[in-house]
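Below, each value reflects all heavy atoms present in this structure, side chains not excepted, and no hydrogens, waters or symmetry copies. Protein chains get the first letters and strands the later ones, always in sequence-line order, with residue 1 at the start of each.
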Amino acid sequence: MRILVIEDDDETANYVVEGLREAGHAVTRSADGREGMLTALDGDFDAMVIDRMLPGRDGLSILAAIRAAGVTTPVLILSALGKVDDRVKGLREGADDYLVKPFSFAELSARLDALLRRPPLQDEVAELRVGDLVIDLVSQKVARAGEPIVLQPREYRLLCHLARNAGRVMTRTMLLENVWDFHFEPGTSVVESHVSRLRAKIDKPFDRPLIHTVRGAGYSCHD
Amino acid sequence: MTSATRPGRRTALRLSLQFALLYAVLTALVFGGAYALTRYETRDWVEDRMRSDANDLARLAQEEGPDAMADAVAALSDISFEAERVFHLSGPDGVRLAGNMDGLPREVPRFLSTEGLTLPDEADEEVSGYWIRQDRIGDLVLVQGTSDHVVFEILEALVVALGLGFVALLAIGTAAGVRVGRLTGDRVIAISDALAAAAGGDLAARVPARVTRCGDDLGRVAADVNAALVEIADLMEVQEAVTAQVAHDLRTPMQRLRQRIERLDSFDEDAREAALAEIEGILRTFRALLSIAEIGVRMTPDDAEPLDLGQLLREVVETYEPVAEDAGLALALDLPETGPSLRGDRDLLVQLAANLVENAITHAAGATRLTLSARGERDAVVLIARDDGPGILTDQAEAVFRRFHRLDSSRTSGGAGLGLSLVRAIARLHGGEARLLPEDGGAVVEVRLGRG
């Protein structure tokens, strides 16, 4: 995948660029706002990572400009401001995701993956399958190896989210945002407790686990 | 602000009423004084006239004999208009010789009521009595009286004059009062509008120049209010800039530090994880502090939307149930069927509720139950978090809302000591307050939120 990174801090940019290259992406980096915007308008990218504060031109105004020019490429905004309502402002300007510094590469990578492989028509799917796990989205019934499993509503939503993104890493903050609509860091292990309860029903009675912990990153659901 | 129009109108009305009352009291005083003075002066004049007449009659009796005097008394009685003057001339045996009044008591007082007296028919009905003078002329007794009718006539004129004056004064006074009051009221409203707008988040609000230009007290107050508003706006701007600068200047090096640790060539995966976890802990505190500072600077939530607080609490409790259960804490809800509703920032209010739950999980050692309840009041929504833990000492009730305050200083749970300050900052942002209620057993945190 081709990814454009507009970031003025060299060390952070290198960290991101190297990580993305190691993951097999083709990366273009720009250190200046104006130049970055022109590159974004010219080039054909699958995703863009844009820093909020840049010399030359502010990240959000670049975003507004490329959206106005009809570029629909997924954009992830990086911000060192991290103000309470910045995320909302960023999303309103047309960002697809918003990440506050400092972030881990695992977080950035997981979020970019989600942006790059956003399933286009997920609403029309009537059933999700991961290995021998079957989720009937219409009747909201879950079964593994033919055995029905009774889940709490939140457990069901968590499982659906993991299964929909099967094979991808879901970080704790991504789960908090997408499953619980929480946009802050809890001081307690909210996600871990839910995952552990879900595992007790989905994985424990069976030989092979489907929900895997990805160290330093989050969780991934796959056979 | 609709409530801001009230104080001014009240001032105007109160001022008019005070004017009216003042006039009424003054008029009553003037009337009372005029009455006493008129009565006294009239009485004096009447007495003088009666003394003079008595002297003239005595001289007549001496020069021309008692019969001539009796004729004169009879003539005076005849010409007395509406029995304004009454006479009674009697001989030594007490038998009336001349006069137009009869039925005198044995002892004649200085003021004689008309009751019991025999008076000419034309006597004025308004007369209540007579001032009496008694003279002994030779062996005859002359009793003459002058009615107090004249006093009443004068007082009547006075009443009419003062009454008309009172009405006129009242009308002018009320008009002046209303006008002055409206002038004052308008300016009070202008000042209170500016303050309300500032409290509502509009720090550019100022009292208009037409108010500050007036050189009186209110004008000076208005000018001071404007100066204070300018000062506050400047301070807010500086604080906001500093907060943003600190955030930016610290986040970039923290980002570098984080990535360096992440990329350390080390075989000790655990040590790296531990270092990263440590950094995450620092960051959590840092972010919480910045949030509190930033929320404290703001005046109103930027992203207010209509919310059902009850529904929001259900979601938070549902989310926290497993982690609370692991900590041995049961979560309970006490909510109305729907609502209470308010306008607010959903993300921040979720965080507020989450912090209340996390506060109980991390700080209420031994608590087995946390109940979140919410109810709507007229212009506020009240959220109460009640646990059955050991409670918090009364002298700590304010301290727990301070940044970095910990009741148990040995605790090191991440972000601890900031949870309740954030709760308070968010409550205040929503026009409310968070406080600890004094309660036996268990901690009870009350959060009041404006309806927005």
Measure [X] against the heavy atoms of chain B and call it side chain, backbone, both or neither at under 4.5 Å.
X: A:Arg157; value: neither
X: A:Ser196; value: neither
X: A:Arg154; value: both
X: A:Phe184; value: side chain

Is there side-chain contact between [X] and [Y], with at least one heavy-atom pair below 4.5 Å?
X: A:Trp180; Y: A:His194; result: yes
X: B:Leu383; Y: B:Leu352; result: yes
X: A:Lys101; Y: A:Asp51; result: yes
X: B:Leu331; Y: B:Leu372; result: no

Task: Per-residue contacts, residues 309-317 of chain B versus chain A, heavy atoms under 4.5 Å - done: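 Expected list: B:Glu315, B:Val316.
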TODO: Return the option, out of B:Leu250, B:Thr252, B:Leu276, B:Asp326, with the maximum number of heavy-atom pairs under 4.5 Å with chain A.
DONE: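 If we count pairs closer than 4.5 Å to chain A, B:Asp326 comes out on top.
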Task: Pick from B:Arg260, B:Gln259, B:Glu358 with the largest number of heavy-atom pairs that fall under 4.5 Å of chain A - done: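 Most heavy-atom pairs under 4.5 Å with chain A: B:Gln259.
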Counting only N and O atoms by type, is there a donor-acceptor contact under 3.5 Å from the side chain of [X] to the main-chain atoms of [Y]?
X: A:Asn165; Y: A:His161; answer: yes
X: A:Asp8; Y: A:Leu54; answer: no
X: A:Arg2; Y: A:Ala26; answer: no
X: B:Arg369; Y: B:Asp388; answer: no

TODO: Heavy-atom distances under 4.5 Å only: say whether B:Arg256 touches chain A with side chain, backbone, both or neither.
DONE: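 Both parts, heavy atoms under 4.5 Å.
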- [ ] Determine the interplanar angle of the A:Phe182 and B:Tyr320 rings, folded into 0 to 90°, and report it as parallel if under 30°, tilted if 30 to 60°, perpendicular if over 60°.
- [x]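 Plane angle between 30° and 60°, so tilted.
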